[in-house]
Amino acid sequence: MIRAMSTQSSSPALTADDHLILVDGSTFIFRAYHALPPLTRKPDGLPVGAVSGFCNMLWKLLQEGLTPEEGDEPTHFAVIFDHSAQTFRNEIYPEYKAHRPEPPEDLVPQFGLIREATRAFSVHCIEQAGFEADDLIATYARQAAEQGAQVTIVSGDKDLMQLIGPKVGMIDTMKNKIFGETEVFEKFGVGPDKVIEVQSLAGDSVDNVPGVPGIGLKTAALLINEFGDLETLLSQADTIKQKKRRENLIEFADQARVSKELVTLKQDVPVETPVGNLSVTDMDGPKAVGFLKAMGFNTLTKRVAETTGADIANVEASEFEVPGWDVPDHKGRMAERVETSSGAATSDGTPGVEGMMVPQTVADARAESVKAIAIDSSAYETVTSVDRLKEWCEAAFEKGYVAFDTETTSLNAMQADLVGLSLSTEPGKACYVPLAHVDGEGDLLGGGGLLPDQIPLQDALDVLKPMLEDASVLKIAQNLKYDWLVMTRYGVDIGPFDDTMLLSYTVDAGKGGNGMDELSDRWLDHKPIPFKEVCGSGKSMITFDKVAIDKATAYAAEDADVTLRLWMVLKPRLVSDRMATVYETLERPMVPVLARMEKRGISVDRQMLSRLSGDFAQGMAAQESEIYELAGETFNIGSPKQLGDILFGKMGLPGGKKTKTGAWSTSAQVLEDLAAEGHELPSKIVAWRQLSKLKSTYSDALPGYINPETKRVHTSYALASTTTGRLSSSEPNLQNIPVRTEAGRKIRQAFVSEAGHKLVSADYSQIELRVLAHIADIPQLKKAFEDGLDIHAMTASEMFGTPIEGMDPMVRRQAKAINFGIIYGISAFGLANQLGISRGEAGDYIKTYFERFPGIKDYMEATKKKVHADGFVSTIFGRKAHYPEVNTKNPNMRAFYERAAINAPIQGSAADILRRAMVRMEDRLNSAKLDAQMLLQVHDELIFEVPDAQVDETIPVIKDVMENACDPALTLSIPLQVDARAADNWDDAH
DNA sequence: ACGGCCACTTA
DNA sequence: GTAAGTGGCCGTC
């Protein structure tokens, strides 16, 4: 039942019985935009997230009023908007709000829609040229209060707090917070009547109100409480004891006066609509329903229809134009059109000449506006007081987002100590908070004492932690996994967040690197200060804590500034390129998952590795003496050049392949061919090299990665380093631990579980071939997987007509090589090499294969066609892999990119599936009350550490998550199969 | 000290 | 034939 709304005739005067509600539309729009997940209208991708938030808020307000109590229903109601950026304040102070970036591109079309929404709900929609919404609110509030009516301002904007009084209240419906004198006092340290005095001293970084340097909210309140008001303070400034404060108050007195004008809301705007005309009117049900229907807000449409009695079926969705939004289905593809215009996209991802002729992409437009504000690394603030740090956090809360970066003593996050951190809330405005800088000069004299003017670490963390963990502030970082790992060691659990590296990777994988310096150059035409310019490089490199604080500020704050700008440029591309789901399901949630895996690490048996190194050395020594004897001299076996001279020069053996540089190749393949001809030396070289590799890369190197504190090895996973969506692992790479040879498996045996635990390895069986069967839709392959057959034997049987039972292993081996070849984008050349057959024979095999499985050929041709036309290919979950140079004229390169493009959807889809499993795994284990810990990922395998007693219970859960990882987004036409085993070491579990 | 090349390891 | 990372050698700076 709709609340009684009097349609009283507009009267110029209000009475004590009246209640005026003034909704601050502008700040609400921004809050709704940032607080709510992005939402787009179904048919055309029109962004409507903020509109939805606004409508829900307005409806709730109209339905329920401000509080559950009766009697405060409004008699007058209006939503007030800002009209334009330029106001009388810019005449007083041109820099006012100058640092404010352009609104996000996907918010722009929503401004008009929200005004439409207001009118659709039959609510007065007020705006006036030359005045901010705040001034209109101030004027209406004063007029209504003077006439004795009650006024409630709906806003979270602190600038409106100066209006609070006996008749004027303020409420923040989004945070469900009522602002009274107490809250004002908490915020400003003074009552509402003195708020402007305090603001004019403290200034406002968000609106770029200058204030007086060195005076923050705390000091300002102190001074105003002592002197009463700004003018009294300024006239008696010479009596202030603190030298710097006194000087600043005298020097910047006029700046304070200008600030006061800026923050004082104008209460005498010649309003075009008199306050008496703002009376509440009955809602026009069909009108509201028509609008909501057009927006596609099904739930709210239904609710409003029920309440107003409008008949949904009989109401047409209203029609209106959205400036800046083209014909449906056009806009969403603009970004791709830039790419598809042949030759338009250059390798660095920027549109070429033709790109200028099509509508600019959202990101391009945003890049232009972000670039317009200069990057000046000398203009950043060094935060040295807790008060200033609090103000920066306040700014982050105000904005709802903040760019964030840590500076540490090491590139290795697991052993990096925090040195400082930087924040940025708007382009051009960033700060650095030094925390642990030491004297860099005196290290020879045993110096290294903590430098002065740094906030004690714990004090800073106490201020930062609530903000970094608050759900209403989006933390923006470049490669957040690093900062997450650092901060977690200081007890801070960062969230929610965006990662600019992952944003770039999501939309541009394959177009180039995703490092900050490269992205900055690509999108902002700006080269940030290189790290080596601050810390040096190589042997003379210093740790960041030894860097002078002013230099550190320039470098670190610039990183935060650049990160924020990159976010502003890249985030809209999720919408324009329709990649939001990929980012939100396959990229962003991987950050905490991988961070926890890295943090856990895995245990390796140091003594076992040490023994192995000894064994390998012995084996190598035995080979060495025989090699020298056969060669007739000693030489460096590890030098391909010297080895080539011996083999192909001195000994006169026939050379096989040549390397890229023209030298005779000494690859294992060549040496094995020579061995097959009866030569003794080459096979010994091969054996020596294998031992040498095992020793240097694994048994010698791995112990050096054991973290002294945790006694475990912590690899680092790169989320954004492959074109296909696979992860990579480094320092150490735990994705290439030997498994093929007996000697190699000894290394794997050194990866062990803790006492009382087992290692569980769970791997997908033939996941890439299964994905291929699904994508290319091959009936025989799908049937074979459904029936659980030996896929390679089935392939051989299909190709050569031999029965599966009693099949020659060599025939199966050939079919297996062909299956793998298909995944790799097969060529006769490659297959011939792999199988040691002629190019002609290999070509015949491929021909036969294509005849038996014509769908494979179709898939390959379609993929090649697509990559040439679009410059990218996609996985089954929509991840893109770009090949910007696929149209090169060099036939070899062209074929190479084509093979890569054929492989990418297969490899990438498998990678997506495992990512989905990983994102869900921890929750599923937790809710099953299992203590299994996910430790490693190796492309088709996950390794867990599981308490002995829980192994049997855990394995089915792991298998279930992995085998059903595609649900509910997608149903594969083949089953996924996971094999899992438990053992005390990785080799036995595998 | 750095980077390219070659070799070897994995999925 | 796809996708990665690391270590030793060796020429260049």
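Letters A, B, ... mirror the listed sequences (proteins, then strands); counts begin at 1.
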- If you look at every strand shown and take non-hydrogen atoms under 4.0 Å, does A/Ile823 touch a base, only sugar-phosphate, or nothing? nothing
- Task: Considering only heavy atoms of chain A and a distance under 4.0 Å, specify the first and last nucleotide of DNA chain B in 5' to 3' order that meet this criterion.
- Result: B/dA1 to B/dA11
- Task: Please state how far atom CD1 in A/Ile818 lies from atom C1' in C/dT2, giving the value in whole angstrom units.
- Result: 17 Å
- Item | Whole-Å gap separating P (C/dT6) and OH (A/Tyr705) | 6 Å
- Rounded to the nearest Å, what distance is computed from the OH atom of residue A/Tyr824 to the C1' atom of nucleotide C/dT2? 6 Å
- Looking at residues at least two apart in the chain, or sitting in another chain, which of them share a salt bridge (charged side-chain N to carboxylate O under 4.0 Å, His left out) with A/Asp521? A/Lys527
- Contacts satisfying salt bridge (charged side-chain N to carboxylate O under 4.0 Å, His left out) that involve residues 716-737 of chain A (not counting sequence neighbours) are A/Arg726-A/Glu768
- Would you list the pairs meeting salt bridge (charged side-chain N to carboxylate O under 4.0 Å, His left out) in which at least one residue belongs to residues 665-674 of chain A, sequence neighbours left out? none
- NA contact type, A/Ala832, heavy-atom cut-off 4.0 Å: base, sugar-phosphate, or nothing? nothing
- Item | For A/Val811, all residues meeting side-chain contact (heavy atoms from CB on, under 4.5 Å), sequence neighbours excluded | A/Ala796, A/Phe800, A/Thr802, A/Met807, A/Asp808
Show me, pair by pair, the donor-acceptor contacts under 3.5 angstrom made by side chains of residues 528-543 of chain A, not counting sequence neighbours?
from: A/Ser540; atom 1: OG; to: A/Ser537; atom 2: O; distance (Å): 3.2
from: A/Thr543; atom 1: OG1; to: A/Asp545; atom 2: OD1; distance (Å): 2.5

- Item | Contacting residues from residues 658-670 of chain A, given that a heavy atom lies under 4.0 angstrom of DNA chain B | A/Thr659, A/Lys660, A/Thr661, A/Ser665, A/Thr666, A/Ser667, A/Ala668
- Task: Give a yes/no verdict on a cation-pi contact between A/Lys658 and A/Trp664, requiring under 6.0 Å between NZ or CZ and the six-membered ring centre and an angle within 45° of the axis.
- Result: yes
- Query: How long is the line joining OH of A/Tyr883 and P of C/dT2, in whole Å?
  - Reply: 10 Å
- Measure from NZ or CZ of A/Lys880 to the centre of the six-membered ring of A/Phe872, then state whether that distance is under 6.0 Å and the direction lies within 45° of the axis. yes
- A/Glu587 side chain to A/Tyr505 side chain, donor-acceptor N/O pair below 3.5 angstrom: no
- Query: Rounded to the Å, how far apart are A/Lys857 NZ and C/dG1 P?
  - Reply: 18 Å
- Item | Length of the CG-C1' vector between A/Asn903 and C/dA4, whole Å | 12 Å
What donor-acceptor contacts under 3.5 angstrom involve side-chain atoms of residues 679-687 of chain A, with partners at least two apart or in another chain?
from: A/Ser683; atom 1: OG; to: A/Glu680; atom 2: O; distance (Å): 3.2
from: A/Lys684; atom 1: NZ; to: A/Glu626; atom 2: OE1; distance (Å): 2.8

- Note on the structure: Of all heavy-atom pairs linking A/Thr875 and A/Ser909, the shortest is CB-OG, 3.4 Å
- Message: Using a 4.0 Å heavy-atom cut-off, does A/Phe820 contact any base of the nucleic acid, only the sugar-phosphate backbone, or nothing at all?
- Response: nothing
- Item | Sequence-aligned protein contact record of nucleotides 8-13 of chain C, with B where the base is within under 4.0 Å of a protein heavy atom and S where only the sugar-phosphate is | SSS---
- The correct set of residues in residues 729-738 of chain A placing a heavy atom under 4.0 Å from DNA chain C is A/Ser729, A/Ser730, A/Glu731, A/Asn733, A/Asn736
- Message: Please check if the number of heavy atoms outside A/Lys866 that lie under 6.0 Å from its NZ is greater than 12.
- Response: yes
- Can you list the steps and then say if A/Leu935 with A/Leu759 is a side chain to side chain contact (heavy atoms under 4.5 Å, CB included)? CA-CA 9 Å; A/Leu935 305 186; A/Leu759 289 182; 4.1 Å; yes
- Query: Please, which pairs that meet side-chain hydrogen bond (donor to acceptor under 3.5 Å, both in side chains) have at least one residue in residues 639-651 of chain A, sequence neighbours excluded?
  - Reply: A/Glu633-A/Lys650
- For A/Ser665, all residues meeting side-chain hydrogen bond (donor to acceptor under 3.5 Å, both in side chains), sequence neighbours excluded: A/Ser667
- Query: OP1 or OP2 of C/dA3 sitting under 4.0 Å from any side-chain N/O of A/Arg726?
  - Reply: no
- Query: Touch check for A/Ala895, heavy atoms < 4.0 angstrom, all strands: base, sugar-phosphate only, or nothing?
  - Reply: nothing
